[in-house]
Amino acid sequence: MSLDNLLIENTMLGHTSFDNRAVVAPMTRVSTNGDGIPTDQMAAYYRRYAEGGFGLIIAEGTYTDRFFSQGYPNQPGITTDEQQAGWQKVVAAVHDAGGKIFLQLMHAGALSQHLSNTRGPSSVPPMRHMLEGYSKKQGRFPLPQAMNPSEIDDVIDGFITSANRAVQAGFDGVEIHGANGYLLDQFLTDYSNTREDQYGGSLENRCRLGVEIVKAVKEAVSNSCVVGIRLSQGKVNDFDYLWPGGIEDGKVIFALLKKAGADYIHFASEGQGFDHGCLTRDGKSLPRLARDITGLPVIANGGLHNLQEANRILSNGHSDLIAIGTGALANPDWPKKIRDQEKIRPFNPDMFSEGVTVSRQFDWESRQMNGKDKADDAA
Ligand SMILES: Cc1cc2nc3c(=O)[nH]c(=O)nc-3n(C[C@H](O)[C@H](O)[C@H](O)COP(=O)(O)O)c2cc1C
């Protein structure tokens with residue numbers, strides 16, 4: 001498939017069809033007022049992407065239980081009626097503008113920058129430092145306690161309950177966050193999972209929690225709710241990590257997720273483009289492998305706002321859809337711009353110089369506009 005078809009060809013995930021193959025990647029914006037309730041401003045923010053022509057928006061990583069899942073202060077949750085009602089407004093705004101929206105369900109595990117008393121698969125110190133801009137807390141992550149069996153059950157219940165709430169809020173689907181170093185990825189990764197029970201040891205065991213969650217969520221929600229999973233090799237605290245078994249790991253992981261009932265697989269690469277995070281050490285494409293061995297639709301990510309790159313990924317069969325992160329922040333109307341052959345604005349990290357929230361972004365954008373207006377007046 002060439003890029004010419006990207007915007008005009010519709011596509012299916014599960015039983016749901018989408019107008020085109022351009023997806024907004026999930027992006028945490030820590031924009032609630034401390035209560036985890038999505039705000040009207042967030043509804044306006046997500047609506048813009050639908051108006052801009054994206055076939056699908058995957059809303060930011062949202063915490064799933066009141067125990068140990070929350071990653072960041074002001075992160076949205078979907079654990080109470082009030083949070084659910086806030087999301088319902090977001091969904092209504094997107095649907096009203098003709099878009100479709102999934103919710104990413106996230107458990108931060110040992111990478112929580114919100115809790116002091118954290119849980120992970122094992123009591124292993126997380127690598128590197130907390131993310132800047134997402135919390136006042138900075139520095140090393142606390143040492144997590146290893147989850148006991150009843151805490152693992154709570155995690156699974158949290159995903160089921162929050163997926164049910166997402167359906168009630170009107171979401172078209174949910175994406176299980178299995179990527180970027182958060183809880184499910186901590187279980188998958190050998191250095192953060194040293195357990196000796198059925199959730200540790202072999203690759204199959206380390207996949208078990210993610211697989212059980214996909215299966216349980218799929219069984220809990222109706223057929224009209226799409227259930228996918230996001231995976232990555234790299235982590236927010238270990239960008240260059242690659243799956244040690246490369247393609248062989250991929251074969252096991254993808255087959256288990258297909259068997260569990262996943263409707264799609266989303267493969268992410270953060271920061272340095274598709275090749276950096278989506279290829280194995282010997283240059284094999286994990287998203288393409290996922291497509292080949294499961295027959296499921298695959299979303300690829302990593303620098304794909306770049307037209308040439310997007311064209312290469314789609315036409316070489318690496319994926320069926322492309323997810324755009326920073327490029328969408330800079331161009332909420334990216335698909336329209338492509339269709340109308342307008343210039344794509346580069347992402348300017350200065351957008352986050354005063355914080356990563358939606359309100360800081362809107363302030364920054366209006367300062368840019370005012371600066372531009374003044375420059376236009378002077379010209
Ligand atoms: C502000 C910001 C927040 C992010 N939050 C999430 C998140 O909640 N869940 C997730 O899976 N990835 C998250 N990511 C990663 C993006 O989804 C995406 O993988 C990354 O930006 C690379 O894509 P790009 O090259 O198109 O920007 C975030 C990225 C950014 C810039």
Side-chain angles (χ1 to χ4, degrees), residues 23-30 58-64 68-72 75-76 102-115 118-121 124 126-135 141 144 155 159 174-193 206-207 209-210 213-214 228-244 249-250 253-254 257 262 264-280 286-287 290 298-304 322-326 328-329 352 356:
V23 178
V24 180
M27 283 179 284
T28 294
R29 306 307 307 274
V30 291
I58 305 177
E60 64 203 83
T62 296
Y63 65 85
T64 49
F68 301 106
S69 68
Q70 186 170 349
Y72 304 101
Q75 182 187 10
F102 291 0
L103 184 63
Q104 189 183 55
L105 301 177
M106 162 173 169
H107 193 304
L111 297 195
S112 177
Q113 300 191 190
H114 176 66
L115 304 170
T118 57
R119 293 289 183 282
V124 172
M127 288 174 74
R128 304 217 167 82
H129 296 99
M130 296 186 186
L131 301 186
E132 280 178 30
Y134 290 85
S135 63
F141 295 94
V155 170
F159 274 91
V174 292
E175 179 170 282
I176 310 297
H177 197 345
N180 298 358
Y182 297 107
L183 183 74
L184 302 185
D185 194 24
Q186 290 156 30
F187 269 86
L188 182 62
T189 303
D190 53 5
Y191 69 66
S192 47
N193 180 350
R206 286 182 277 118
C207 279
L209 182 57
I213 288 171
V214 169
I229 182 158
R230 194 175 214 217
L231 301 168
S232 66
Q233 299 190 97
K235 309 170 194 315
V236 289
N237 63 334
D238 188 4
F239 264 101
D240 299 325
Y241 181 81
L242 297 177
W243 286 352
D249 285 2
I253 296 167
F254 301 143
L257 290 169
Y264 73 89
I265 292 173
H266 183 175
F267 212 91
S269 172
E270 192 161 359
Q272 295 178 59
F274 176 90
D275 286 356
H276 184 78
C278 291
L279 303 187
T280 60
L286 287 165
V298 169
I299 307 176
N301 165 251
L304 301 182
I322 54 168
I324 300 175
T326 45
L329 292 172
F352 290 158
V356 296

Residues which pass ring-ring contact (aromatic ring centres under 6.0 Å, His included) with His266, listed by chain and number, not counting sequence neighbours: none
Mark yes or no for whether Ser269, through its side chain, and His276, through its backbone, hold a donor-acceptor pair below 3.5 Å. no
Donor-acceptor pair, side chain of Asn237 and main chain of Arg128, under 3.5 angstrom: no
Any non-hydrogen side-chain atom of Pro144 less than 4.5 Å from a side-chain atom of Val124? no
Do Phe254 and Leu231 touch side chain to side chain, with heavy atoms closer than 4.5 Å? yes
Do Leu286 and Asp249 come within less than 4.5 Å of each other through their side chains, counting heavy atoms only? no
Please work out which of the three classes, parallel, tilted or perpendicular, describes the rings of Tyr134 and Tyr72, given edges at 30° and 60°. tilted
Residue list, ring-ring contact (aromatic ring centres under 6.0 Å, His included) with Phe274, at least two apart or on another chain: His318
Does Asn193 use its side chain to pair, donor to acceptor, with the backbone of Pro121 at less than 3.5 Å? no
For Gln104, what residues pass the side-chain contact (heavy atoms from CB on, under 4.5 Å) criterion, not counting sequence neighbours? Pro26, Ile58, Glu175, His177, Arg230
My understanding is that only residues two or more places apart in sequence, or in another chain, count here; which of them pass side-chain contact (heavy atoms from CB on, under 4.5 Å) with Met130? Gln113, Lys137, Gln138, Phe141, Pro142
Hey, could you give me the SG/CD distance between Cys278 and Gln233, rounded to the nearest 0.5 Å? 7.5 Å
What verdict does the side-chain contact (heavy atoms from CB on, under 4.5 Å) test give for Val236 and Tyr182, after you've listed the backbone C-alpha separation in whole Å, the side-chain angles of each residue and the deciding distance to 0.1 Å? CA-CA 8 Å; Val236 289; Tyr182 297 107; 3.8 Å; yes
When every non-hydrogen atom of Gln272 is compared with those of Asp240, the smallest separation belongs to NE2-OD1, 4.1 Å
Does one side chain, of Ser192 or Lys235, offer a donor that lies under 3.5 Å from an acceptor on the other? no
Of the non-hydrogen atoms in Met27 and Ile324, which two are nearest, and what is the gap between them? CE-O, 4.3 Å
Quick one: CG on Leu184 to CD1 on Ile213, what's the gap to the nearest 0.5 Å? 4.5 Å
Heavy atoms of Ser232 and Gly234 approach each other most closely as OG-O, 2.8 Å
Heavy-atom side-chain contact between Ile253 and Trp243 under 4.5 Å: yes
Closest heavy-atom contact between Leu111 and Asn180? CD1-O, 4.3 Å
Sequence neighbours left out, what passes ring-ring contact (aromatic ring centres under 6.0 Å, His included) with Tyr241? Give chain and number order. Tyr191
Please confirm whether the backbone N or O of Ala108 pairs with a side-chain atom of Ser112, one donor and one acceptor, at under 3.5 Å? no
Minimum heavy-atom distance Ala328-Val24, with the two atoms named: CB-CG1, 4.4 Å
Calculate, to the nearest 0.5 Å, the distance between atoms CD1 and CG belonging to Ile229 and Leu105 respectively. 11.0 Å
What distance do Phe352 atom CZ and Glu132 atom CD have between them, rounded to the nearest 0.5 Å? 13.5 Å
If you compare all heavy atoms of Leu103 against all heavy atoms of Ala59, which two are closest, and at what distance to 0.1 Å? CD1-CB, 4.0 Å
Go through the structure and list residues passing ring-ring contact (aromatic ring centres under 6.0 Å, His included) with Tyr63, not counting sequence neighbours. none
Measure the CD-CZ distance between Gln186 and Arg206 for me, rounded to the nearest 0.5 Å. 13.5 Å
Flag side-chain contact, heavy atom, 4.5 Å: Val356 against Leu131: no
Looking at side-chain heavy atoms only, is the closest gap between Pro76 and Thr28 below 4.5 Å? no
Roughly how far apart are Phe239 CZ and Glu270 CD, rounded to 0.5 Å? 4.5 Å
